[in-house]
2 protein chains.
Amino acid sequence: MPLPHEILFKTLADPTRRAIFERLCREGDQTVGALTAHAGISQPAVSKHLGVLKRAGLVKDRHEGRLTHYSAELGALDPLVGWAKEMTGFWQNRFDDLEDLLKRMDQ
Amino acid sequence: MPLPHEILFKTLADPTRRAIFERLCREGDQTVGALTAHAGISQPAVSKHLGVLKRAGLVKDRHEGRLTHYSAELGALDPLVGWAKEMTGFWQNRFDDLEDLLKRMDQ
DNA sequence: CAATTCAATAACTCGCTGGCTATGGGTTTA
DNA sequence: TAAACCCATAGCCAGCGAGTTATTGAATTG
């Protein structure tokens, strides 16, 4: 099983897929048909993207008769932000180490 | 010119490239040779990845004789975090709208 | 100056994936 | 129940990109 941020980066790297996700974030609940109408690609292509988004935990679906509604899954982006903070944190730690070193040299 | 987060997602989607960037964040300045020693791929492959990272603004290089040192560029991840916050923000706004609606209905 | 080392570029191969069309299963409508 | 509609799956194709080896340029070493 890959780390959480791994699948997120791969999934959100595709512009079309990210656009679908953004639309779900901005406008909330949407049917596949509505998403297809704005995506500029075929319905099967949209369905495939939604499948990928769902497997990444970025989206959840709701069945209502013959319609399928999709909505953005909240908090799914957390690992991504966490990873970014971790990276900048490493830098901060090195900065702290440098400060410690300078402090010790000062004595 | 693409949006800032666009290139970041594409660049960081590759595991090898992300590993190189993580190493630079964790351990700071590194030569191409040192990075190659830990990457498990050939030196040209590493150089190509470093080129991509550099064009994305995630990394900067420093020439010292025949060696080239690379280091992580701070703040390059900001647009990524910004985008994530924006997405969750949209959801928050919809939540606020719902609260407003309910408030208005209550009167 | 010859040999060696470091890194970048060139040229190529190959697997992955995002797009398509065709089809099928399930649901509503006439 | 026949027809139309919504969405998912299957199967196929083309382009991209990550890897390779070969080569070159530049800098250090002997």
Legend entry - Side chain proximity check, Leu80(A) to Leu12(A), heavy atoms < 4.5 angstrom: yes
Using a 4.0 Å heavy-atom cut-off across all strands, classify [X] as base, sugar-phosphate, or nothing.
X: Thr16(B); answer: sugar-phosphate
X: Ser42(A); answer: base
X: Ala45(B); answer: base

Inset, instruction - Taking heavy atoms of chain B and a 4.0 Å limit, find me the 5'-most and 3'-most nucleotide of DNA chain D within that range. - result: dA18(D) to dT28(D)
Inset, instruction - Starting from the 5' end of DNA chain C, give me the residue, Gly33(B) or Ile41(A), whose nearest nucleotide shows up first. - result: Gly33(B)
Legend entry - First encountered from the 5' end of DNA chain D, between Val52(B) and Pro44(B): Val52(B)
Inset, instruction - Find which nucleotide of DNA chain D each of Leu67(B) and Gln43(A) is nearest to by heavy atoms, and output the residue with the more 5' nucleotide. - result: Gln43(A)
Legend entry - Evaluation steps, side chain to side chain contact (heavy atoms under 4.5 Å, CB included), between His63(A) and Asp61(A): CA-CA 7 Å; His63(A) 296 280; Asp61(A) 56 352; 3.6 Å; yes
[X] [atom1] to [N] [atom2]: how many Å, rounded?
X: Asp14(B); N: dT17(C); atom1: CG; atom2: C1'; value: 14 Å
X: Lys48(A); N: dC20(C); atom1: NZ; atom2: P; value: 10 Å
X: Lys10(A); N: dG15(C); atom1: NZ; atom2: C1'; value: 12 Å
X: Leu35(B); N: dA7(C); atom1: CG; atom2: C1'; value: 12 Å
X: His49(A); N: dG18(C); atom1: NE2; atom2: C1'; value: 6 Å
X: His69(B); N: dA8(C); atom1: NE2; atom2: P; value: 12 Å
X: Arg66(A); N: dT29(C); atom1: CZ; atom2: P; value: 6 Å

Inset, instruction - Can you establish whether the number of heavy atoms outside Lys60(B) located under 6.0 Å from its atom NZ is more than 12? - result: yes
Legend entry - Ile41(B)-Leu50(B) co-clustered via ILVMFWY side chain contacts under 4.5 Å: yes
Legend entry - Residues that His69(B) engages under side chain to side chain donor-acceptor pair (under 3.5 Å), provided they are two or more places apart: Asp29(B)
Inset, instruction - Could you list all the salt bridge (charged side-chain N to carboxylate O under 4.0 Å, His left out) pairs where at least one residue sits in residues 32-41 of chain A, not counting sequence neighbours? - result: none
Inset, instruction - Please state whether the rings of Phe21(A) and Trp83(B) are parallel, tilted or perpendicular, taking 30° and 60° as the class boundaries. - result: tilted
Legend entry - Closest listed nucleotide, where the reference is the side chain of Tyr70(B) and the choices are dT27(C), dG19(C), dA8(C): dA8(C)
